[in-house]
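Working notes, beginning with the structure itself.
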Protein chains: 2
Amino acid sequence: MQDDDRTDAGGGANPPAGATNNPLIAKLESLAKLSGDDKDVLQRISANPQVVEPGTALIREGDKPDGVYLILDGIACRYKLRASGARQIMAYLVPGDYCDLDVALLKAMDHAIGTLSTCHVVRIDLDTIQGLLDRHPGITHALRLATLVDEATLREWLVNIGRRSADERIAHLLCELLLRLRAVGRTAGQGQSYALPITQDDMADTIGLAAVHVNRVLTSLQRRGLIAFSGQQVTILDLVGLEAFAEFKPNYLHLGGRDAA
Amino acid sequence: MQDDDRTDAGGGANPPAGATNNPLIAKLESLAKLSGDDKDVLQRISANPQVVEPGTALIREGDKPDGVYLILDGIACRYKLRASGARQIMAYLVPGDYCDLDVALLKAMDHAIGTLSTCHVVRIDLDTIQGLLDRHPGITHALRLATLVDEATLREWLVNIGRRSADERIAHLLCELLLRLRAVGRTAGQGQSYALPITQDDMADTIGLAAVHVNRVLTSLQRRGLIAFSGQQVTILDLVGLEAFAEFKPNYLHLGGRDAA
DNA sequence: CGGGACATTGAATCGGCTCAAAAGTGGTGG
DNA sequence: CCACCACTTTTGAGCCGATTCAATGTCCCG
């Protein structure tokens, strides 16, 4: 939809002042040092993204994966479907995220990947990836770190669903998204707000709740003055309060600077 | 406690007929081919395990990890604690499993690892690991596959907690454990039963339920003739029925042979 | 202006929780 | 060998958070 608006909005609060607009570079730089050459290569890879409609499957369960998708704009996700049609979303792919560097080692995907919003996506074939890993140790290292963070995030989501109340779960998710989007320069305002182009249904399938209840919780969080919505733009009005409420500890994101190790 | 009894019990139904008793070798062989030399090296690494009491922390959240723990007997787990004391277990480490090959890349652990039962454990230092990765490509490949399976398992647990009922969750967990323990030769009977040396409290913290309710569900699954308990030995009486009930699809374990890819 | 997707609100229900107590179970020391 | 203790399992009763079902409201788009 209005992705071009968002590009402007992102200009407000990019964290490493004067960073690229390239979310992959920004993400990897938040985890490790990259050389100028590394960045050039990554920039070249991100050229000419294709635009994908919301609700498009990029990879289906059972497929033998033959490439990697890099998200440059929008939100995609990993998910599984039950026979009943119930869906569980297991990860969000925000700008700078990519899927399954080395899943090519496996014979078949055990889950699907699809877009939640309109997305700008680049497909990178295996040879390109391999070349990258062979010739750019700095990138390789950063990508490995990123993989570890993905795993840590997955674990935190398990804690979220398993041991937090509905209100806490949503608060936690909103905190996480703020930090992740900040790291790739996709926040607006004073770095307190961001576009969240997903439906309440999507959010429900993310945190193991029913959509109706997600609605009630969001309403309640707004009434308490913790967050505000205007359309699909979320603003965290009281980050400290929201983090405390959700018992959010950002350590699992392993962000280089600001918050803990 | 009676870990020596268990060693005997395991002798009943090792899957690749005439396999080693070494669970790490068995596990890796279920994922990839290993040379004789590879197996020798792994066998040597597994020598002289130390015995660890139930409820011992092997690694604490915040620690800077300096080695890898390999489980040879018993069950350990990854977990996080909330301020309230609530615990979420995020993974089981059964014989042949190990923790965090390359977590040394990170500055601090974002979760803890501890034993649930008495365990036989080997600590492998980073140099040994590095030597293994440098000199044994076959092992390296198998270890990478194992890491992917760990991730896939974590995703399936998220689906389990997020989108299955209490009964289905427990049924699913019991199915998964049967297959995992079979793959490392730790089942007894006709490969339908195994030792599950954990409390109902542990299980509750694993699947996001209260211990009392775990008890009721276990009782109910027994009444329905799907499983049987004798002490801490579980027997899956009707695997087909249990899998159907839990909607268990073993594809995410990526086991080489028997069940799908 | 009409249709479709999404959000919002209400009412009733239910799955799983909390609290509480009783009944094993195994280990320990006298 | 028995009594005792701590831990775990089992069972009951009542409650509450989240669900389902259903209706209404809102916005966007053709």
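Every chain is numbered from 1 and lettered A, B, ... according to where its sequence line falls, protein lines coming before strand lines.
The interatomic distance linking A/Q200 (CD) with C/dT8 (C1') rounds to 8 Å, in whole Å. Between B/D201 atom CG and D/dT10 atom C1' the separation is 14 Å, expressed in whole Å. A straight line from CZ of B/F229 to P of C/dG24 spans 19 Å, rounded to a whole angstrom.
Looking at heavy atoms from C-beta onward, A/R186 lies out of side-chain contact with A/Y194 at the 4.5 angstrom threshold. Taking the side chain as every heavy atom from C-beta outward, B/L196 and B/L177 approach each other to under 4.5 Å. By the 4.5 Å heavy-atom criterion applied to side chains, A/E247 and B/R82 are counted as neighbours.
The salt bridge (charged side-chain N to carboxylate O under 4.0 Å, His left out) check on B/R169 picks up nothing, with sequence neighbours excluded. In this structure B/R60 satisfies the salt bridge (charged side-chain N to carboxylate O under 4.0 Å, His left out) test with no other residue, sequence neighbours excluded. Listed by chain and residue number, nothing satisfies the salt bridge (charged side-chain N to carboxylate O under 4.0 Å, His left out) test with A/D150 (two or more places apart in sequence, or in another chain). In this view, A/T219 satisfies the side-chain hydrogen bond (donor to acceptor under 3.5 Å, both in side chains) rule with no residue, not counting sequence neighbours. In this view, B/V212 and B/R216 satisfy the side chain to side chain contact (heavy atoms under 4.5 Å, CB included) rule, not counting sequence neighbours. Take A/Y92 and apply the ring pair (Phe, Tyr, Trp, His ring centres under 6.0 Å) test, not counting sequence neighbours, and it matches A/W157. Scored by the side-chain hydrogen bond (donor to acceptor under 3.5 Å, both in side chains) test, B/Q192 finds B/R182 as partners (sequence neighbours excluded).
In the helix from C/dC1-D/dG30 to C/dG30-D/dC1, the end axes, each obtained as the rotation axis mapping the C1' atoms of four pairs onto the next four within a five-pair block, lie 30° apart to the nearest 10 degrees.
DNA chain D lies under 4.0 Å from at least one heavy atom of each of the following residues of residues 159-168 of chain A: A/S165, A/A166. Residues from residues 202-219 of chain A lying near DNA chain D, meaning a heavy-atom separation below 4.0 Å, are A/G208, A/L209, A/A210, A/V212, A/H213, A/R216 in numerical order.
Salt bridge status for B/E61 with B/R78: absent, with no side-chain N to carboxylate O gap under 4.0 Å. Taking the charged nitrogens against the carboxylate oxygens, A/R224 and A/D238 have no contact shorter than 4.0 Å, which rules out a salt bridge.
Residues in residues 155-164 of chain A take part in these salt bridge (charged side-chain N to carboxylate O under 4.0 Å, His left out) pairs, two or more places apart or across chains: A/E151-A/R155, A/R155-B/D110, A/E156-A/R164, A/E156-B/K80, A/R163-B/D205.
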Protein within reach of the bases, or only the backbone? For nucleotides 23-30 of chain D, mark each nucleotide 5' to 3' as B, S or -, using heavy atoms under 4.0 Å. --------

